[in-house]
Amino acid sequence: MTPEGRNLYSIGDVEKKTGLSARQIRYYESLGLISPVRTSGGQRRYAESDVLRLMRIKQMKESGFDLKSIKEKIQVFEQSLQELTVDSITSERAVLSSLFPVSNRAVLMKLLEKK
DNA sequence: TTTCTAACA
DNA sequence: TGTTAGAA
């Protein structure tokens, strides 16, 4: 069981936590980079995982990556995590891999080989 | 007050 | 991306 954070944040909270503008946060969502849930009133609510992802996106942007390649990196990483789950690797390694930054794919591939 | 969508001097 | 208008 992955202790997913049930604490949700408003877009205003996320602006403060990430330093990104609400405009950027909504735009990244339209690109499929994050998937906040909606309240019955239609407002977005972000999980801790969304905040962490936005922080990584911000870092990558500052490192010179365009949103297109950032999206690809995230998709590759997400897909790799699914493979780990499907192949049911030891929980110890699953937890380890989930902590890997999107950037480093080499070590993740090494884990996939050892299965 | 805060957030939402849509649109652009 | 910023910013703004009008609605919720």
Side-chain angles (χ1 to χ4, degrees):
Chain A
M1 303 164 222
T2 305
E4 184 65 35
R6 23 346 228 172
N7 307 4
L8 301 179
Y9 304 91
S10 69
I11 197 166
D13 295 330
V14 180
E15 280 191 285
K16 294 173 185 174
K17 295 176 75 73
T18 67
L20 291 168
S21 66
R23 175 75 163 81
Q24 290 177 299
I25 297 170
R26 297 194 187 99
Y27 179 52
Y28 297 166
E29 175 187 349
S30 75
L31 297 181
L33 270 39
I34 50 177
S35 304
V37 296
R38 298 279 188 142
T39 64
S40 52
Q43 295 193 353
R44 276 166 264 246
R45 285 293 123 81
Y46 303 82
E48 192 62 48
S49 57
D50 292 314
V51 176
L52 295 175
R53 194 194 299 246
L54 286 169
M55 289 170 98
R56 289 193 286 106
I57 292 173
K58 187 186 180 186
Q59 291 188 316
M60 292 182 76
K61 274 194 59 187
E62 296 174 332
S63 298
F65 290 94
D66 55 34
L67 291 173
K68 186 236 182 186
S69 41
I70 291 178
K71 180 176 182 179
E72 294 176 335
K73 292 263 187 185
I74 289 181
Q75 294 183 319
V76 170
F77 180 65
E78 229 75 301
Q79 185 263 7
S80 297
L81 276 188
Q82 281 187 44
E83 287 181 12
L84 285 177
T85 302
V86 176
D87 296 334
S88 63
I89 295 182
T90 67
S91 62
E92 214 172 297
R93 286 181 181 172
V95 170
L96 179 61
S97 66
S98 69
L99 293 176
F100 282 18
V102 221
S103 56
N104 197 341
R105 207 183 146 198
V107 193
L108 184 57
M109 291 314 285
K110 237 165 124 185
L111 274 172
L112 290 168
E113 289 173 36
K114 301 195 91 177
K115 72 177 168 57

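The chains referred to below are lettered A, B, ... by the order of the sequence lines, with proteins before strands, and numbering in each begins at 1.
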Heavy-atom side-chain proximity of A/I57 to A/T18 below 4.5 angstrom: no
Roughly how many Å is it from OH in A/Y9 to P in B/dT2, rounded to a whole number? 19 Å
Ignoring the backbone of A/S21, work out which of B/dT3, B/dC4, C/dG2 is nearest its side chain. C/dG2
Looking only at non-hydrogen atoms, find the nearest pair between A/L33 and A/R53 and report the distance. O-CD, 2.8 Å
Whole-Å distance between C/dG2 C1' and A/E15 CD? 12 Å
B/dC4 P sits how many Å from A/I11 CD1, rounded? 5 Å
Residues forming a side chain to side chain donor-acceptor pair (under 3.5 Å) with A/S10, sequence neighbours excluded: A/D13
Show, in sequence, the C-alpha distance, side-chain angles and deciding distance for A/L20 and A/L54, and conclude whether the side-chain contact (heavy atoms from CB on, under 4.5 Å) test is met. CA-CA 8 Å; A/L20 291 168; A/L54 286 169; 4.0 Å; yes
Looking at residues 27-37 of chain A, who's got a heavy atom less than 4.0 Å off DNA chain B? none
Among residues at least two apart in sequence or on other chains, which ones pass salt bridge (Lys or Arg N to Asp or Glu O under 4.0 Å) with A/K16? none
Not counting sequence neighbours, which residues clear side chain to side chain donor-acceptor pair (under 3.5 Å) with A/S35? List them please. none
Which nucleotide sits closest to the side chain of A/R38: B/dT3, C/dG2, B/dT5? B/dT5
What residues, two or more places apart in sequence or in another chain, satisfy side chain to side chain contact (heavy atoms under 4.5 Å, CB included) together with A/Q59? A/R56
Partner residues of A/Q75 under the side chain to side chain contact (heavy atoms under 4.5 Å, CB included) criterion, sequence neighbours left out: A/K71
Contacts under 3.5 Å, N or O only, protein and nucleotides 3-8 of chain C:
unit_1: C/dT3; atom_1: O4; unit_2: A/R23; atom_2: NE; d: 3.1

salt_bridge(A/K73, A/E78) N-O dist < 4.0 Å: no
Atom pairs and distances, donor-acceptor, side-chain atoms in residues 25-32 of chain A, under 3.5 Å, two or more places apart:
unit_1: A/Y28; atom_1: OH; unit_2: A/K61; atom_2: NZ; d: 3.3
unit_1: A/E29; atom_1: OE1; unit_2: A/R44; atom_2: NH1; d: 3.0
unit_1: A/S30; atom_1: OG; unit_2: A/Y27; atom_2: O; d: 2.5

Just to confirm, is there a sub-4.0 Å distance from OP1 or OP2 of B/dC4 to any side-chain nitrogen or oxygen of A/R44? yes
Between A/Q24 (CD) and B/dC4 (P), how many Å, whole number? 15 Å
Roughly how many Å is it from CD1 in A/I25 to C1' in C/dG2, rounded to a whole number? 14 Å
List in chain and number order the residues that pass side chain to side chain contact (heavy atoms under 4.5 Å, CB included) with A/S40, two or more places apart in sequence or in another chain; answer none if no residue qualifies. none
Which helical stems does DNA chain C take part in, if a stem means at least 3 consecutive Watson-Crick or G-U pairs with both distances below 3.5 Å? B:2-8 with C:2-8
Taking only N and O in the side chain of A/S10, is any of them less than 4.0 Å away from OP1 or OP2 of B/dT3? yes
